[in-house]
Amino acid sequence: MEQKKIEENIKYLTLLAKEYPNVQRASSEIISLEAQMKLPKGTEMYMSDIHGEDQAFTHILNNASGVIREKIDVALGDSTTANQRAVYASLIYYPAQKLAEIKQKEKRMDAWYRLTLYRLIDVCRHVASKNTRQRVRSSIPKGYEFIIDELLHAHFEDHNKEAYYNQFISAIIETGTADQFIEAISVVIKRLAVHKLHIVGDIFDRGSRPDVILDKLMKHHSVDIQWGNHDVLWLCGATGSLLGVASVIRICAAYNNLEALEDGYGINLRPLATFAQHTYGDCSVFKPRKAIGYNKDDEVIVAKMHKAISVIMYKLECEVIDRNPNFDMDDRKMLLKINYDNGTIRIEGKDYKLKDSDFPTIDPDNPAKLSEDEIELIKKLSQAFTQSEKLQEHAKFLYSHGSAYKIENGILMYHGVIPLNEDGSFKSVHLGDKSYSGKALMDYIDSMCRIAYFGQDGSEERQLGQDILWYLWCGKNSPMFGRSKMTTFENVLLEEKSLKVEGKDYYYKYQEDSEVADAILAEFGLEGPKCRIINGHVPVKVIDGEQPIKAGGKIIDIDGGFSRAYHSKTGIAGYTMVYSSRGLSLRAHQPFTSLQDVVYNNKDIESKVNVFDTMKNRMLVADTDMGKEIKSMIEDLKMLIEAYNKGIIRQQKD
């Protein structure tokens, strides 16, 4: 190695020497890293379009999309029945609840504990087998490290230590801590079953508790998120953007899901309820799409709240569209198209009758102007969003662990589309003062999303960032939306179905075109038969024969309708994809029934596994992006050793 290269990197090597102060320490790390390269690749799991369905999400997280049951079957298949393995699966998924159920009927708990602990250790040992001992230790809950580590590496056939290992089990039972150990081992199994979790967008809306999902994601050992259009809308609200706040509340009201705001984030909606009741009469047209959990009186109030916030949103949309002519969304300034004398709206030269034309807060001469009461209300609601500690905590997590897209191990992940022209070329989208396409577009919007939240208060750049967050939610060239328009106005106020069609980006025309898929991958620096695109956003209608694997396996759409609102349209309850050392498998899930069904009846989510790419040779850590990082680290350590040997950097004692 040339001395010149060492001298060029002397500052970095000096910092590295603080962690590896001598040749022995650096050499030991090289040996460890080279051994790690020979381990099988860790399992990755991909999910999208969770849409607030916290119970189904929790179960998929607990069963690792069926991976844990597969591990149980391999580890215990020769010594247990299928029913016993189902019990152990339920126990691992929900240890506290399952233990309580077992205690109601099991008469010999000590014997049950002994057998169960041995079997859970077998499962845990199997799951841990392709992990470094250091990673296994880091997965063990505090206070249980020594005992679980010893049991995982026990050789029960070693007669010299048989009494030693058996005493561990006996002591756990005798001290009354068996429940805690079962819970701890279950945690380890679940952490090791999936090395990394990828959420390909849309955590929010429709389902009732996105906050529960985010709380769980924040505790996950390794997760990344690619923002969906529903996510950026909530980020827009979290910045305090008046339009972002109004849009978030409107969609919650439209789905009768205000508890996501009130219970989840502690946002007080009473000012909106009071304003709506005092301002509006019959609001039946704005009746929410579902009425679960509300009585008739509540439904009437929610309908009024829905109308009140919708009118405010329509007005604010006009303001933001006027401020950003490059958005090219003048056709969405719906309030300016209404004839307030006869209750009609003119769209593309034709008049249509509105289903509701009672707008007491709208000035026909200036329809987009907020009334004084509306200004006071939306500012108060905006303040509630910015002062919600949990919402702000979740927003910061979405920024620290999220991005517009991600590339890992040859997989390009984004939620919606890469905007395309009719001929399949990359569409140029004008935002700010420039035009962007392909990867440059995704990089720009990622940057502006961050400026929207972290930029200087009151600055034009931060205002533009907030406007772009809203545009990403519903703009016709938004990569996260992928449609020509969002017809919220038409869906509520017009009968004509033809006006409610949201035209799709040309990306969807080319989803089966492998050449276009290759061009997108190349745009992001990926090429080769194993490179793929994973996205969600538009549910795959399995019930109509649509397939999630497109373009000869180059594109995988993993939105199978996780949200209950889509189950009847898709015929399933969501997809997940699993990428293990042996290949890729797509898993189609049936609806989650209930926690009680899992605990008392040992019922798992029924899933169909489609293994669509099997590795000829098992994929190792050396074949992954992590492997590239490890190789680079090994080279750096070799350079450090040479610097030590040449006396350029002095060795230190440990």
Between [Y] and [X], is there a side-chain heavy-atom distance shorter than 4.5 Å?
X    : Y    : value
H220 : L61  : yes
E174 : D110 : no
C124 : L152 : yes
Y93  : I68  : yes
S65  : H589 : yes
I203 : I225 : yes
N535 : V417 : no
I533 : Y414 : yes

Counting distance only, does the side-chain N/O of [X] pair as donor-acceptor with the main-chain N or O of [Y] below 3.5 Å?
X    : Y    : answer
Q392 : F385 : yes
D49  : D202 : no
N229 : F481 : no
D215 : V212 : no
T624 : V621 : yes
K550 : Q547 : yes
S90  : V87  : no
N257 : G207 : yes

Could you tell me whether [X] and [Y] have their ring centroids closer than 6.0 angstrom?
X    : Y    : answer
H230 : W473 : yes
F524 : Y405 : yes
W227 : F204 : no

Below 4.0 angstrom, N of the basic side chain to O of the carboxylate: do [X] and [Y] qualify?
X    : Y    : value
D122 : R119 : no
D54  : K216 : no
E53  : R206 : no
D263 : R209 : no
R69  : D73  : yes
E106 : K98  : no

Spacing of [X] atom [atom1] and [Y] atom [atom2] [to the nearest 0.5 Å]:
X    : Y    : atom1 : atom2 : value
C449 : D446 : SG    : CG    : 6.5 Å
S388 : H394 : OG    : NE2   : 9.0 Å
R582 : R618 : CZ    : CZ    : 4.0 Å
R191 : H195 : CZ    : NE2   : 14.5 Å
L586 : M577 : CG    : CE    : 7.5 Å
T593 : Q55  : OG1   : CD    : 9.5 Å

Next on the checklist: Pair F168, F146 - check side chain to side chain contact (heavy atoms under 4.5 Å, CB included), show working.
Outcome noted: CA-CA 11 Å; F168 272 118; F146 171 71; 3.9 Å; yes
Checklist entry - Quick one: side chain to side chain contact (heavy atoms under 4.5 Å, CB included) partners of K603, sequence neighbours excluded? => result D597, N601
Checklist entry - Run the side chain to side chain contact (heavy atoms under 4.5 Å, CB included) check on V248 and L261 step by step: do they pass? => result CA-CA 9 Å; V248 167; L261 290 165; 4.0 Å; yes
Checklist entry - How far apart are the C-alpha atoms of L214 and L398, what are their side-chain angles, what is the distance that settles it, and do they pass the side chain to side chain contact (heavy atoms under 4.5 Å, CB included) test? => result CA-CA 9 Å; L214 277 158; L398 284 167; 4.0 Å; yes
[X] to [Y] - nearest heavy-atom pair and separation:
X    : Y    : result
L217 : V223 : O-CG1, 3.6 Å
A75  : H126 : CB-CB, 4.0 Å
R532 : K530 : NH1-O, 3.3 Å
Q84  : S79  : OE1-O, 4.4 Å
R135 : S138 : O-OG, 2.7 Å
V127 : I189 : CG1-O, 3.8 Å

Go through the side-chain N and O atoms of [X] and [Y] and say whether any donor and acceptor fall under 3.5 Å apart.
X    : Y    : answer
Y575 : D557 : no
Y94  : E101 : no
S585 : R587 : yes

Next on the checklist: Applying side chain to side chain contact (heavy atoms under 4.5 Å, CB included) to Y144 and I185, what does each step give before you reach the verdict?
Outcome noted: CA-CA 9 Å; Y144 302 93; I185 292 171; over 6 Å; no
Item to check | K628, NZ atom: more than 12 neighbouring heavy atoms under 6.0 Å | outcome: no
Next on the checklist: With side chain to side chain donor-acceptor pair (under 3.5 Å) as the criterion, how do R137 and T132 come out once you've worked through the C-alpha distance, each side chain's angles and the decisive distance to 0.1 Å?
Outcome noted: CA-CA 9 Å; R137 284 173 180 158; T132 64; over 6 Å; no
Can you list, pair by pair, the side-chain donor-acceptor contacts under 3.5 Å of residues 33-46, counting residues two or more places apart and other chains?
residue	atom	partner	partner atom	Å
K41	NZ	E44	OE2	2.9
K41	NZ	Y579	O	2.8
T43	OG1	K130	NZ	3.1
E44	OE1	H198	NE2	2.7
E44	OE2	N409	ND2	2.9

